[in-house]
Amino acid sequence: MRSHARGVAAAIRHGAKAIVITSRAQNPTGVDITATRARELRDILSRHREVLVIEDDHWAELSQAPVNVVADAVDNWIFLRSVSKPYGPDLRLATAVGDPATIARLKGRMRIGSGWVSTVLQELVVELMADPATADTIARASRRYRSKQRRLCGALADHGITAFGDSGLNVWVHVNDETSTVTALRDRGYAVAPGARSRIESPPAIRITISGLPEDRISALAEAVAAVPGNTSPLA
């Protein structure tokens with residue numbers, strides 16, 4: 001069993017009652033749930049069917065990899081897709097599927113809150129989903145984001161630096177020291193996020209968001225990360 005699967009199993013043994021999973025473009029690491037990882041998680045959860053699983057596939061239409069669903073391995077589950085990333089956050093709309101009891105609870109909560117979405121916005125989303133020009137725009141954006149991720153990960157690898165990013169807007173970069181790396185990059189005009197707030201046992205890392213990163217600055221950014229003492233291996 002891989003370490004991430006052991007972590008889930010350990011959390012359940014210690015009393016975890018619910019698990020939140022991001023199917024693709026996980027923030028901050030940018031990784032997807034692979035078919036292998038999905039099988040491992042489903043195997044664990046099938047032995048703990050009382051655990052609630054909430055699965056978020058927010059990247060959906062922007063992804064170039066198939067979704068590997070985990071949620072329905074248990075009795076109480078919900079699978080969510082927001083339109084915020086592919087179509088725009090102002091639409092304030094998401095779709096959800098799940099077991100009858102969980103969906104009933106969701107509907108009950110929405111009745112007493114401000115979760116109602118106007119019919120106009122709902123109809124607009126349907127029109128966007130059926131519009132070939134919109135689909136082409138989303139496909140181009142998907143290719144652009146993925147190209148930037150690959151290029152940045154490759155440029156960092158050339159310096160002996162490990163980086164991840166399957167989809168989404170982020171690349172997760174292993175560094176020797178988060179504070180010194182964030183500070184050094186800031187001084188060279190790059191704003192990145194320290195990984196400490198998003199990790200427990202994993203080694204130091206930073207999150208680089210690639211959405212606004214010009215493609216002609218990718219090599220320079222990789223060089224800036226590599227220039228921080230301790231970030232490259234002696235053999236790089």
Side-chain angles (χ1 to χ4, degrees), residues 4 21-38 55-69 81-91 125 128-129 131-175 178 181-182 184-186 188-195 198-199 202-228 231-233 236:
H4 57 259
I21 296 173
T22 303
S23 305
R24 297 176 283 194
Q26 195 272 343
N27 184 8
T29 61
V31 301
D32 297 341
I33 297 291
T34 63
T36 299
R37 186 169 188 172
E55 187 163 0
D56 176 22
D57 188 31
H58 68 280
W59 199 242
E61 291 89 345
L62 283 163
S63 182
Q64 296 185 22
V67 63
N68 297 292
V69 179
R81 275 188 178 169
S82 168
V83 303
S84 295
K85 289 294 190 295
Y87 298 103
D90 290 337
L91 294 170
V125 170
L128 288 172
M129 287 181 169
D131 179 42
T134 301
D136 289 342
T137 300
I138 292 173
R140 286 197 303 272
S142 174
R143 292 191 294 270
R144 181 84 176 272
Y145 292 140
R146 187 69 188 108
S147 174
K148 287 185 181 184
Q149 279 185 316
R150 286 174 173 163
R151 287 188 59 192
L152 181 55
C153 288
L156 289 164
D158 290 341
H159 293 283
I161 298 173
T162 301
F164 303 95
D166 297 327
S167 61
L169 301 175
N170 302 306
V171 170
W172 185 251
V173 184
H174 286 179
V175 296
E178 294 179 12
T181 301
V182 170
L185 291 177
R186 179 203 62 195
R188 296 185 63 168
Y190 299 103
V192 301
S198 304
R199 61 184 180 84
S202 57
I206 59 171
R207 184 194 69 184
I208 299 177
T209 301
I210 52 85
S211 54
L213 175 64
E215 295 197 26
D216 60 1
R217 297 288 299 276
I218 290 176
S219 294
L221 174 55
E223 291 173 2
V225 176
V228 180
N231 281 351
T232 57
S233 67

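Among all heavy-atom pairs drawn from G168 and Y145, the shortest one is O-CB, 4.0 Å. The heavy-atom pair separating Y190 from A220 by the smallest distance is OH-CB, 3.6 Å. Between S82 and P86, the shortest heavy-atom contact is O-CD, 4.1 Å. Here the closest heavy-atom approach between residue M129 and residue V83 is recorded as CE-CG1, 4.0 Å. What you find for S23 and D57 is that their closest heavy atoms are CB-OD1, 3.5 Å. Scanning all heavy atoms of the two residues, the minimum distance from A227 to R188 falls at CB-NH1, 3.8 Å.
The residue from V192, I210, T29, T209 that alone fulfils the side chain to side chain contact (heavy atoms under 4.5 Å, CB included) condition with V171 is I210.
Partners of F164 by ring-ring contact (aromatic ring centres under 6.0 Å, His included), not counting sequence neighbours, listed by chain and number: H174. Here R199 pairs with E178 under the side chain to side chain donor-acceptor pair (under 3.5 Å) rule; sequence neighbours left out.
No donor-acceptor pair under 3.5 Å is formed between the side chain of N170 and the backbone N or O of R207. Side-chain atoms of R24 come within 3.5 Å of backbone atoms of A65 as a donor-acceptor pair (strictly under, hydrogens ignored). Judged by distance alone, the side chain of K148 and the main-chain N or O of L213 form a donor-acceptor pair under 3.5 Å. With hydrogens and angles ignored, the 3.5 Å screen pairs no side-chain donor or acceptor of T232 with any backbone N or O of G160. Side-chain atoms of D166 come within 3.5 Å of backbone atoms of D32 as a donor-acceptor pair (strictly under, hydrogens ignored). Formation of a donor-acceptor pair under 3.5 Å by the Q64 side chain with backbone atoms of S142 is found in this model.
With a 4.5 Å cut-off on side-chain heavy atoms, V67 and R81 count as touching. Residues L185 and L221 are in side-chain contact: their nearest non-hydrogen atoms beyond the backbone lie under 4.5 Å apart. At least one side-chain heavy atom of Y87 sits less than 4.5 Å from a side-chain heavy atom of T134. Within the 4.5 Å cutoff, the side chain of V228 has no heavy atoms near those of the V175 side chain. You'll find the side chain of R37 stays beyond 4.5 Å of the side chain of N68, heavy atoms only.
Between atom SG of residue C153 and atom CD1 of residue I218 there is a gap of 10.0 Å, rounded to the nearest 0.5 Å. For the atom pair T22 OG1 and I33 CD1, the distance stands at 8.0 Å (nearest 0.5 Å).
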**Prompt:** Checking side chain to side chain contact (heavy atoms under 4.5 Å, CB included) for the pair L91/L128: CA distance, chi angles, key distance, verdict?
**Reply:** CA-CA 11 Å; L91 294 170; L128 288 172; 4.1 Å; yes

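The pair E215-R144 meets the salt-bridge criterion, with a side-chain N (NZ, NE, NH1 or NH2) lying under 4.0 Å from an Asp/Glu carboxylate O.
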